[in-house]
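Note that ligands are numbered from 1 as they come in the structure, with each ligand's atoms numbered from 1 the same way. The model shown is predicted, which means the values in this text are computed figures rather than measured ones.
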Amino acid sequence: MSQAIVITAGPTREKIDPVRFISNYSTGIFGYELAKEALRRGLKTVLVSGPTGIKAPAGVKLVRVESALDMRRAVLKELKRADYLVMAAAVSDWRVKTPALSKIKRANKTLTLHLVENPDILTEAAKLSNKAIVAGFALETEDVERNALLKLRNKGLDIIIANKLSSKKDIFGDNIIDIIILDRLGNRHIYRRGSKKKLAKIILDKILRFNI
Ligand code: CTP
């Protein structure tokens, strides 16, 4: 029987009112490249995706979500049948406590949003799953390796893929990046100047070969 992988991609959107939201610059490219590569290798692939402009590859089970809470629900459901989970999504760390039910009018000269913390999907998934190999991403602006290592440990992950927010351009848009892959067994690999397509192959190699 073929193995199953759940991959998350893209940003989440957190509603402010019926027409506005808080989000981030994630394009979803990395997650979609990982999904393409997983399909190529014959894995049953579930792509849990926040809003992106990318067409899902044929053969993938696409689960569209909007908010972090939607993503959490979808991931925890799909995780039950998964052998691997890769969280490439840029999940919003906060959501608006009580989104307005009707459009907030501009007559309000200032607007204060009350934000509350979103659950950490990866931490929860790593705790719940006893059989799946769990991989996360770490996007850092400084101390990349140290921060990634902390995330690997604190979130209880098997593998973490770290990248640095590039100085010249937003990494979310950059297609050529450097990454460091760290795992809980102490392995450490650096890959420089790879396209997200090429890096997706390398990352999947590492994840599929990871020995519990
Ligand atoms: N992640 C998650 N749920 C969240 C936030 C992040 O599952 N609420 C996952 C991301 O998909 C990623 C990993 O956790 O795989 C690290 O995300 P990142 O934004 O780098 O780190 P945070 O945990 O949000 O910490 P910080 O923002 O303080 O760096």
Where Glu142 and Asn147 come nearest, the two heavy atoms and their spacing: O-ND2, 2.9 Å
Leu122 versus Ala135, closest heavy-atom pair with distance: CD1-O, 3.9 Å
Non-neighbouring partners of Asp93 that pass salt bridge (charged side-chain N to carboxylate O under 4.0 Å, His left out), sequence neighbours left out: none
Residues that, via side-chain heavy atoms closer than 4.5 angstrom, fall in one hydrophobic cluster with Leu113: Ile16, Ile22, Trp94, Val96, Ile104, Leu111, Leu115
Sub-4.0 Å heavy-atom environment of ligand 1, residues by chain: Met87, Ala89, Val91, Asp93, Pro119, Asp120, Ile121, Leu122, Gly136, Phe137, Ala138, Leu139, Lys151, Lys155
Point-to-point distance, once rounded to the nearest 0.5 Å, from OH of Tyr32 to OG of Ser49: 2.5 Å
Using residues 4-15 as the side-chain source, report each donor-acceptor pair under 3.5 Å to any protein atom, sequence neighbours left out, with the distance given to one decimal.
unit_1 : atom_1 : unit_2 : atom_2 : d
Thr8   : OG1    : Ala88  : N      : 3.1
Thr8   : OG1    : Ala89  : N      : 3.1
Thr12  : OG1    : Glu14  : OE2    : 2.9
Thr12  : OG1    : Ser92  : N      : 3.0
Glu14  : OE2    : Ala68  : N      : 3.0

